[in-house]
Amino acid sequence: MVQATLFLLVLSLALGAHGLAVRKCDLVGTWVNDLGSNMTIAGMNSKGDFSGSYHTAVTSTMNEIKVSPLKGSLQRTNQKAEPTFGFTVNWSFSDSITVFTGQCFVDEHGKEVLKTMWLLRSHVENIKNDWKATMVGTNVFTRLYSQ
Ligand code: BTN
């Protein structure tokens with residue numbers, strides 16, 4: 001009886017500890033967003049600077065889409081399990097540029113998700129057209145290859 005109680009106590013403590021364990025959200029890897037765009041964050045240094053590539057599924061131009069480079073920064077102050085980040089995509093097939101900012105979350109199933117907002121700045125011919133040069137939106141990214 002005592003042994004059984006002890007066993008149940010240890011089991012519940014173990015399960016409880018597992019449920020509380022916070023999985024750290026890691027930006028490195030390949031992601032797909034709600035538009036079907038793919039991005040790969042290749043590497044990150046000790047300061048949180050990272051680089052990678054972005055393959056957008058859509059474009060506001062008539063140009064042929066090409067894989068474009070991205071550069072970003074992960075916020076490392078206080079080393080949060082669900083960190084904030086920002087990155088810039090310098091489109092190689094258009095004269096526009098996009099900045100993304102977001103946070104890496106781990107959902108209730110332990111799945112990582114990047115919630116982002118972006119600003120897409122298009123080139124305009126003159127200052128009179130500046131008012132229509134910036135688009136804003138959101139994207140949600142999940143891992144392309146999740147285990
Ligand atoms: C352009 O059209 O000038 C370049 C491509 C822009 C693609 C945008 S960036 C924000 C949104 N999220 C994506 O994955 N693609 C679009």
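Note that ligands are numbered from 1 as they come in the structure, with each ligand's atoms numbered from 1 the same way. In this chain, numbering begins with 1 at the start of the sequence shown.
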(request) Indicate whether the side chain of S122 and that of S96 have a donor and an acceptor atom separated by less than 3.5 Å. (result) no
(request) Enumerate the atoms of ligand 1 whose separation from the nearest heavy atom of N139 is less than 4.0 angstrom. (result) 11 (C), 12 (N), 13 (C), 14 (O)
(request) Could you find the nearest protein heavy atom to atom 16 (C) of ligand 1 and give me its residue, atom name and distance? (result) V58 CG2, 3.8 Å
(request) Check each of W91, W118, F141, F93 against atom 6 (C) of ligand 1 and report the one with the nearest heavy atom. (result) W91
(request) Check each atom of ligand 1 against the heavy atoms of S94 and keep those under 4.0 Å away; list them by number with element. (result) 1 (C), 3 (O), 4 (C)
(message) Over 60° means perpendicular and under 30° means parallel, so tell me whether F87 and F100 are parallel, tilted or perpendicular.
(response) parallel
(message) With heavy-atom distances below 4.0 Å as the criterion, list the atoms of ligand 1 near T98.
(response) 9 (S)
(request) Considering only non-hydrogen protein atoms, determine which one is nearest to atom 7 (C) of ligand 1 and report residue, atom name and distance to 0.1 Å. (result) T56 OG1, 3.4 Å
(request) Using a strict cut-off of 4.0 Å, indicate which atoms of ligand 1 neighbour a heavy atom of Y54. (result) 12 (N), 13 (C), 14 (O)
(request) Find all atoms of ligand 1 within a distance of less than 4.0 Å from any non-hydrogen atom belonging to S37, and give their numbers and elements. (result) 13 (C), 14 (O), 15 (N)
(request) Side-chain contact test, heavy atoms from C-beta onward, threshold under 4.5 Å: evaluate it for S60 versus L120 and give yes or no. (result) yes
(request) Distance to 0.1 Å, residue and atom name: give those for the protein heavy atom nearest to atom 3 (O) of ligand 1. (result) S96 OG, 2.5 Å
(request) List the atom of V67, the atom of S92, and the distance in Å for their closest heavy-atom pair. (result) O-OG, 3.1 Å
(message) Using a 4.0 Å heavy-atom cut-off, which part of N33 comes near ligand 1: side chain, backbone, both, or neither?
(response) side chain
(message) Test side-chain contact (heavy atoms from CB on, under 4.5 Å) on W31 and N33; report intermediate values, then the result.
(response) CA-CA 7 Å; W31 302 84; N33 73 16; over 6 Å; no
(request) For T59, take its heavy atoms, then give the atoms of ligand 1 lying under 4.0 Å from any of them. (result) 1 (C), 2 (O)
(message) Once side-chain hydrogen bond (donor to acceptor under 3.5 Å, both in side chains) is applied, do any residues pair with T116, and if so which ones, sequence neighbours excluded?
(response) none
(message) Do F93 and T56 have side chains that approach each other closer than 4.5 Å (heavy atoms only, starting at C-beta)?
(response) yes
(request) Using a 4.5 Å cut-off on heavy atoms from C-beta on, say whether the side chain of F105 contacts that of D107. (result) no
